Amino acid sequence: MSARPVLRFAPSPNGELHLGHALSALVGFDMAKRLGGRFLLRIEDIDTTRCREEYVTQIFEDLAWLGITWEEPVLRQSLHFTTYSAASDWLLKLGLLYPCFATRSEIGEATETRPTALDPDGTPLYPGLHKNLPKEEVALRLGRNEPFALRLDMDRALDALEGITGARRVTFIELDDEDNPQRIEMDPADWGDAVIVRKDVPTSYHLAVTVDDARQGVTHVTRGRDLYAATSLHRLLQVVLGLPEPVYHHHRLLHGPDGHKLSKSAGDTGLRALRGQGVTPFEIRQRVGLAGNAPEGSARNLS
Ligand code: GLU
């Protein structure tokens, strides 16, 4: 394993990059420079219906324009579904996943009649439909080619976690803006029986990100605070899959005038549009609050 830190930016090509992405990419790139580390780019395109090739091309152009460089080859998640399937097969063998045939409306009805707590994203926890289905019924439904997701059996996963670490909660190291480490403890049970393999593609964001950070040797995961809570699930998957533990830095988010996190449709904050208006990469750094942190070698962006 490389002794140098490894960092990455992992955008999903389902829209144009905006100032929020610029902040995320620059935070990771600057930290890689500061630590003398390597910087990788990963295209998180598992959602084959929403991701578009032209956005991938634009990501390369926008990042290069910002003065960001990355190592080749770029990992494209859509080309590695078999790797994620190998990981989910292993979790199945460990007895930690179960097939869930429930439709969205079945789940909606069940949680309306019997409300459950919400997960950190605000979605009602899975009410357990189709959990512990008799083997024969599972075989029958599989035989009828009914679509199914694979869900984590959270109780069993916590048993496995406890068997390995002695605790039912996970911990990780979070670096603050000055790189000071703090040990954080979280309860993955907050996510309930989360979907690990979606119905439409043979993975989920949570599984793919966990597998890829490990196989790319990522030592420092930098990403927005919106993914802070998801880290408990990622740490749980890392432990049960026997993968190494990276350190994390969840950076602040940028908000639009409405107070909401910038979204893909935040037109006037799109990097391409700003570039077209003659905004310089340095001004982008200023707008995202990183102008004081330009790493060595980026002076060429000052125009
Ligand atoms: N692909 C995710 C996004 O665009 C980021 C994943 C991560 O950094 O862990 O929000």
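Every value quoted in this text rests on a predicted model; they were computed, and no experiment measured them. Just so you know, ligand 1 is whichever comes first in the structure, and atom 1 is the first atom listed for that ligand. Side-chain atoms are counted along with the backbone in the values below, which use heavy atoms only and exclude waters and symmetry mates. Numbering of residues begins at 1 and proceeds along the displayed sequence.
Between His249 and His220, the gap from one ring centroid to the other reaches at least 6.0 Å.
By the salt bridge (charged side-chain N to carboxylate O under 4.0 Å, His left out) test, Arg183 pairs with Glu245, sequence neighbours left out.
Within the structure, ligand 1 has Arg8 among the residues with a heavy atom less than 4.0 angstrom away. Judged by the shortest distance from any of its heavy atoms, Phe9 lies outside the 4.0 Å radius around the atoms of ligand 1.
A salt bridge (charged side-chain N to carboxylate O under 4.0 Å, His left out) check over residues 143-154, counting only residues at least two apart or in different chains, returns the pairs Lys131-Asp153, Arg141-Glu146, Arg144-Glu146, Asp153-Arg156.
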Verdict with reasoning, Arg34 to Asp179, per salt bridge (Lys or Arg N to Asp or Glu O under 4.0 Å): CA-CA 10 Å; Arg34 206 163 58 239; Asp179 297 344; 2.9 Å; yes
Pair Asp213-Arg42, salt bridge (Lys or Arg N to Asp or Glu O under 4.0 Å): steps then yes or no: CA-CA 10 Å; Asp213 280 337; Arg42 182 166 76 227; 2.9 Å; yes
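Of all atoms in ligand 1, listed by their number and element, those nearer than 4.0 Å to a heavy atom of Glu44 are 1 (N), 2 (C), 5 (C), 6 (C). Each of the following atoms of ligand 1 lies closer than 4.0 Å to a heavy atom of Tyr205: 6 (C), 7 (C), 9 (O).
Inclusion of Arg223 in the set of residues having an N or O under 3.5 Å from an N or O of ligand 1 is warranted. For ligand 1, the polar-atom distance check finds no N/O of Val209 at less than 3.5 Å from any of the ligand's N/O atoms.
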